[in-house]
Protein chains: 2
Amino acid sequence: MNKIAPKLVVRRLPIYLHILDNLIRNDVQIISSRELSDETGFTAEQIRKDLAFFGAFGTRGTGYNTSFLREKILKIIGLDDQTNIVVVGAGHLGIALIRYNVTNNSYVNVVAAFDIDPDVIGLKILDVEVMPMARMKEIAEEYKVKVAILTVPSEQAQIAVEQIIQSGINVIFNFAPTKLHVPEGVYVRNANLSIELQSLIYYATSEKEKKF
Amino acid sequence: MNKIAPKLVVRRLPIYLHILDNLIRNDVQIISSRELSDETGFTAEQIRKDLAFFGAFGTRGTGYNTSFLREKILKIIGLDDQTNIVVVGAGHLGIALIRYNVTNNSYVNVVAAFDIDPDVIGLKILDVEVMPMARMKEIAEEYKVKVAILTVPSEQAQIAVEQIIQSGINVIFNFAPTKLHVPEGVYVRNANLSIELQSLIYYATSEKEKKF
DNA sequence: TCATGTGAAGAGCTTCACAGCA
DNA sequence: TGCTGTGAAGCTCTTCACATGA
């Protein structure tokens, strides 16, 4: 394994994982790329190529063993044990993501939230405590946290990023509508919901109504 | 204009729009693709190509007039007047998105939320009322709603989709972790936050720790 | 001179067509 | 036979290099 994995392939792996979990729960032991295609909407060829990038996990003439493939994908992503993350910014969105994540995601666990507002510090969302930013490094080290969800306002985003990086976290899922400046080796994915929403409007409006 | 706009270009337009809004607020009248590159992280060439796809909006040797370019992008996206949307599913995530959107997005306006739970029907989140699903069509027609944010649980997603489509809405921003089946002409964008989060773990784990 | 606009080249991802193997 | 695995072709998007024009 020396080629680097295509970004879009990596983003599809958890989708396959989710389907495999459901299949295994229903005692399905074998699945073909054609059936996975029906479940996902991706083509069977694409699914085979995605998986084949990491190795030959299937059996010709038969398909993929669901449990075996699940284990392989867990290893590839790096989800082999419970992965701990933190939420930075305990506003409405941060709190909603904590509740949402806990109920929807059995692989990733939020260990703490951080905020600068004394009014929210000390609160518990489900069993997740909101702590002052100063405790981030201690928590990150204790729980081996490598990923942070960032939901602070734009103005505070860059300052929060410095603290996140100093805490040893190297992946940021950024919900603040601003560009983050990070050093080499830190990976940022932006999830700017307002901007996504605006781009969707494009597909709601017929071409005829647009003049430019 | 007969070629169809590249999807990735459309997704970047609101990013340019956001920056232009800030520049105009600070009385900046001219911006070059180089400066837009510094603000966005995209290359200057890419920004020029993105904009040039829709027309020649700049002045050679000078740059782009911020107000002029803003107007053009608004027209291209279809944001020429306040765009109304609805939220389907008034759980934690739906409520958080209503609060988040209202405070972050001056172009898009949530006119109503819908849910099946009698306990939340009648609630107001800011000034957005939670209504029974049966009222969706009426509201969609009254406010010319073309876009819905879908935040119901997976099991209810497909049923909700039928109602959304029957209400005349043709674009769905889907937060439910399930594949939606829609007819031709309906555009779905998935924002599965758990799955995005899982794919990020890949970038947090060093290659050395992975064996497959 | 300086920054836009644009063909051409390049990179990345998907689809095709079929070889390979249980 | 049936489904995986994979080079080759095709498509989409990005980068390059420079012609164009204020």
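In what follows, chains carry the letters A, B, and so on, assigned in the order in which the sequence lines appear, proteins first and then strands, with residues in each chain numbered from 1.
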Distance, rounded to the nearest Å, where Asp50(B) contributes CG and dT4(C) contributes C1':
14 Å
Which residue lies more 5' along DNA chain C, comparing Ala5(A) with Thr59(A) via nearest heavy atoms:
Ala5(A)
Can you check nucleotides 8-11 of chain D for protein contacts, nitrogen or oxygen pairs under 3.5 Å, and list what you find?
unit_1, atom_1, unit_2, atom_2, d
dA8(D), N6, Lys49(A), NZ, 3.4

State whether a side-chain donor-acceptor pair under 3.5 Å links Ser199(B) with Glu196(B).
no
How about Tyr16(B) and Asp50(B): does a side-chain donor come under 3.5 Å of a side-chain acceptor?
yes
Atom pair distance, as rounded to whole Å: CG in Leu51(B) and P in dA3(C):
16 Å
Any chance CD of Glu45(A) has more than 12 other-residue heavy atoms, nucleotides or ligands included, within less than 6.0 Å?
yes
How about Val128(A) and Val87(A): do any of their side-chain heavy atoms sit closer than 4.5 Å?
no
What's the closest nucleotide to the Thr43(A) side chain, out of dT4(D), dC13(C), dT15(C)?
dT15(C)
Do Ile77(B) and Pro14(B) have side-chain heavy atoms sitting under 4.5 Å apart?
yes
Taking the inter-plane angle between the rings of Tyr203(B) and Tyr187(A) on a 0 to 90° scale, is it parallel (under 30°), tilted (30 to 60°) or perpendicular (over 60°)?
parallel
Tell me the interatomic distance from Arg34(A), atom CZ, to dG2(D), atom C1', rounded to whole angstroms.
13 Å
N/O (side chain, Tyr64(A)) to phosphate O (OP1/OP2, dG5(D)) under 4.0 Å:
yes
Atom CZ of Arg48(A) and atom P of dC18(C): how far apart are they, to the nearest Å?
14 Å
Apply side-chain hydrogen bond (donor to acceptor under 3.5 Å, both in side chains) to residues Ser32(B) and Glu35(B) and explain how you reach the verdict.
CA-CA 5 Å; Ser32(B) 69; Glu35(B) 291 165 301; 3.1 Å; yes
Per atom distances to the Leu8(A) side chain, the nearest of dG5(C), dA19(C), dC13(C) is dC13(C)
Measure CD1/Ile47(B) against C1'/dT14(D) and give the value in whole Å, please.
13 Å
Starting from C1' on dC13(D), measure out to CZ on Phe42(B) and report it in whole angstrom.
13 Å
Taken to the nearest whole Å, CZ/Phe53(A) to P/dT4(D) is 20 Å
Pick base, sugar-phosphate or nothing for Arg12(A), based on heavy-atom distances below 4.0 Å to the nucleic acid.
sugar-phosphate
Rounded to the nearest Å, what distance is computed from the CD atom of residue Gln46(A) to the P atom of nucleotide dT12(D)?
14 Å
Mapping Thr62(A) and Ala52(A) onto DNA chain D by nearest heavy atom, which one lands closer to the 5' end?
Thr62(A)
